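So the structure is just underneath, and the comments pick up after that.
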Amino acid sequence: QVQVVESGGDLVQAGGSLSLSCTVSGSRLVDYTVSWFRQVPGKEREGVACIDWTGRGPSYLNSVKGRFTIYRDLPGNTVFLETHNLQSDDTAIYYCAAARVDVCPTNWTAGIGFTVWGQGTQVAVSS
């Protein structure tokens, strides 16, 4: 059974950085497209970044472009989300999700097609 586990969330000051990790178990990371999502209680979940099974051409939410980077460590079966210049609007629970598809779906930001979800890791940014 495929599982994903997130880690790395913390409380940081505005302008700070965090590295979030998503470790896949039960299968090879190379067989999956993986995305990071985030959600604030009471608000809709939004897709933050997506990387497909080739590792090429990651996709990002417009508001995080230039600040967040998604990349894979295949031997470690881990997908990382490097976050920089964090702002209060980035405060949320960050979730990792995996889909057994070749590329990031056109509507990946909606989470459609992602069948394996983690429990989330909390990111809090203080101003």
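Small disclaimer: the values here were computed from a predicted structure and weren't measured. The first residue in the sequence is number 1, and the count goes up from there.
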Check [X] against [Y] and note the closest heavy-atom contact, atom names and distance.
X: Gly120; Y: Ile93; answer: CA-CG2, 3.9 Å
X: Val116; Y: Val2; answer: CG1-O, 3.6 Å
X: Ala14; Y: Gln87; answer: CB-OE1, 4.4 Å
X: Val12; Y: Ser17; answer: CG1-O, 4.1 Å
X: Cys96; Y: Val4; answer: O-CG2, 3.6 Å
X: Glu46; Y: Arg38; answer: OE2-NE, 2.7 Å

Is the closest side-chain heavy-atom distance between [X] and [Y] below 4.5 Å?
X: Trp53; Y: Asp31; answer: no
X: Thr91; Y: Gln122; answer: yes
X: Trp117; Y: Tyr95; answer: yes
X: Val79; Y: Trp36; answer: yes
X: Thr33; Y: Val103; answer: no

Please check if [X] and [Y] belong to a single hydrophobic cluster, counting links between Ile, Leu, Val, Met, Phe, Trp and Tyr side chain heavy atoms closer than 4.5 Å.
X: Leu74; Y: Phe80; result: no
X: Tyr32; Y: Val48; result: yes
X: Val64; Y: Leu81; result: yes
X: Ile112; Y: Phe37; result: no

Problem set entry | Pairing residues for Arg67 by the salt bridge (charged side-chain N to carboxylate O under 4.0 Å, His left out) criterion, not counting sequence neighbours |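 By the salt bridge (charged side-chain N to carboxylate O under 4.0 Å, His left out) rule, Arg67 matches Asp90.
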Give a yes or no on whether the backbone of [Y] and the side-chain of [X] come within a donor-acceptor separation of less than 3.5 Å.
X: Thr109; Y: Gly47; result: no
X: Tyr60; Y: Ile70; result: yes
X: Asn107; Y: Ala110; result: no

For this session: Please check if any side-chain donor atom of Glu82 sits under 3.5 Å from a side-chain acceptor atom of Ser19, or the reverse.
Result: yes
For this session: Step through the shown structure and confirm whether more than 12 heavy atoms of other residues, nucleotides or ligands are within 6.0 Å of CD on Gln119.
Result: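 At most 12 heavy atoms, drawn from other residues, nucleotides or ligands, come within 6.0 Å of this atom.
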Problem set entry | Point-to-point distance, once rounded to the nearest 0.5 Å, from OG of Ser25 to CD of Gln3 |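 Rounded to the nearest 0.5 Å, the OG-CD separation comes out at 5.0 Å.
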For this session: Give the intermediate values and the outcome of side chain to side chain contact (heavy atoms under 4.5 Å, CB included) for residues Arg72 and Thr78.
Result: CA-CA 6 Å; Arg72 307 179 307 170; Thr78 300; over 6 Å; no
For this session: Mind checking side chain to side chain contact (heavy atoms under 4.5 Å, CB included) for Trp108 and listing every partner two or more places apart, or none if nothing turns up?
Result: Ser35, Cys50, Ser59, Cys104, Pro105, Phe114
Problem set entry | With Val123 via side chain to side chain contact (heavy atoms under 4.5 Å, CB included) - residues at least two apart |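 With sequence neighbours excluded, Val123 shows a side chain to side chain contact (heavy atoms under 4.5 Å, CB included) to Leu18, Leu20, Tyr94, Val125, given in chain and number order.
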